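What's counted below: heavy atoms across the whole structure, side chains too, no hydrogens, waters or symmetry copies. Computed from a predicted structure; not experimentally measured. Numbering of ligands and ligand atoms starts at 1, following listing order.
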Amino acid sequence: MASPVYSSPEWYLKAQDKDVSSDIGRLTIYHLGFKQAAGGTLLFAPLEFSSAPRAVLDVGTADGLWMREVQSTIPAPPEGDHTFIGTDINTSFFPSTSMKNITYVKQDIKDPTPEVWNHAFDLVNLRMILIAAGSGVAQRAVVNEHIKLVKPGGWIQIGDCDRVCPTSEAENPRYHDMFACIRAVCQSSGLDPLEAPKMKSWLEEAGLEQVQERTAMRAVGKRNADEELGKLGIGADLMIAKGFAAGAKGLSPSFKPLPDERLDSLVQELETELTETGAYFPMRFIWARKPF
Ligand SMILES: C[S@@+](CC[C@H](N)C(=O)[O-])C[C@H]1O[C@@H](n2cnc3c(N)ncnc32)[C@H](O)[C@@H]1O
């Protein structure tokens, strides 16, 4: 059997004992890009931190960068402490040095959560993790399971990408091809890559209130006004393109998105496209409150 495609859910399932430092580097660059695209916002849900200690759960936390940054920017409560729990299937991502009030727990999103977590969190954050659940039905079930963990009056916040190039094919032919490879590899393993636009309605239909959505375009290469971050973004996207182009090449003809010669030239031509034209990687952030 072919080895799993880098950064795909199957790869993460098998990354338990692997050196994941290069993936942490890539995820850090993505994190900085999403933050820049959202004008510096990591917390979309308007949870108030200054009046009481809050409990936050970050699902698929990797090395906990989102939690650590949020913790360092929120006001302290009058008494007690805000607490953070980060879950991930791969303990190799967890930082070796601990930070006060941040706990890391090994947990597969597809498994039942500990009963003590029911109605226990003021905020549950799920960023770039739902595809790991599999089909659209399974992703929605995971969202519903995590809504159960939110306290009445608390918030859920989802970040997911559209996996479709937002600019025209004339402008970004090879970025279109990269997303075609990502979609094909996902679909060939029963993962639905096009669920993000539906997630707002999932929260509405679950009975949540104040449901909101915001799009944030991570600027890559020439599109980024911050030249350094733009350049780092090229490297991060080329890691993805390399893995998924190789994965797409091994697919059966019914799933293969492009002829082999286009797959073979993808990484090199994408590097030129991102350097000379740049591109946008589309993220959606969706958040909603659980009624009292
Ligand atoms: C694309 S990264 C996103 C990391 C982080 N949430 C962020 O936004 O930067 C996906 C993370 O989910 C974890 N993961 C993959 N499959 C998982 C599963 N079935 N259950 C829990 N975590 C999983 C991976 O180990 C990885 O840390």
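- Checking side-chain atoms of Gln157 against main-chain N and O of Ala45 turns up a donor-acceptor pair under 3.5 Å.
- Looking at atom 12 (O) of ligand 1, its nearest protein heavy atom turns out to be Ile129 CD1, 3.2 Å.
- The only member of Ile147, Val150, Ile158 that meets side chain to side chain contact (heavy atoms under 4.5 Å, CB included) when paired with Val124 is Val150.
- Residue, atom and distance of the protein heavy atom nearest to atom 26 (C) of ligand 1 are Asp88 OD2, 3.5 Å.
- For Phe93, the closest heavy-atom approach to ligand 1 falls below 4.0 Å.
- You'll find the side chain of Ser135 stays beyond 4.5 Å of the side chain of Leu191, heavy atoms only.
- For Glu48, the CD atom is densely surrounded, since the number of other residues' heavy atoms within 6.0 Å is greater than 12.
- Tyr12 and Asp88 share no donor-acceptor pair across their side chains, judged by distance under 3.5 Å alone.
- One option in Ile89, Leu130, Leu13, Leu27 has a heavy atom closer to atom 22 (N) of ligand 1 than any other, and that option is Ile89.
- For atom 15 (C) of ligand 1, the nearest non-hydrogen atom of the protein is Tyr12 CB, 3.5 Å.
- Of all atoms in ligand 1, numbered sequentially from 1 with element shown, those under 4.0 Å from a heavy atom of Asn90 are 25 (O).
- Ring geometry, Phe44 versus Phe285: the interplanar angle falls under 30°, so the pair is classed parallel (tilted spans 30 to 60°).
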- Task: Go through Tyr30 and Asp237 one step at a time and tell me if the side chain to side chain contact (heavy atoms under 4.5 Å, CB included) criterion holds.
- Result: CA-CA 9 Å; Tyr30 271 55; Asp237 280 0; 2.5 Å; yes
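- Close approach of ligand 1 to Ala62 (heavy-atom distance below 4.0 Å) involves ligand atoms 4 (C), 27 (O).
- Regarding atom 16 (N) of ligand 1, its nearest protein heavy-atom neighbour is Ala132 CB, 3.5 Å.
- Arg127 has no carboxylate O lying under 4.0 Å from a charged side-chain N of Asp58, or vice versa, which leaves the two without a salt bridge.
- The residue among Asp58, Asp108, Thr91, Val59 with a heavy atom at the shortest distance from atom 18 (C) of ligand 1 is Asp108.
- For atom 3 (C) of ligand 1, the nearest non-hydrogen atom from the set Lys106, Glu10, Gln107, Met128 belongs to Met128.
- Close N/O approach between Arg127 and ligand 1 is found [any backbone or side-chain N/O within under 3.5 Å].
- The closest side-chain heavy-atom distance from Arg140 to Lys198 is not below 4.5 Å.
- Counting only heavy atoms of the protein, atom 5 (C) of ligand 1 lies nearest to Gly60 O, 3.2 Å.
- Atom 20 (N) of ligand 1 has its closest protein heavy atom at Ile109 N, 2.9 Å.
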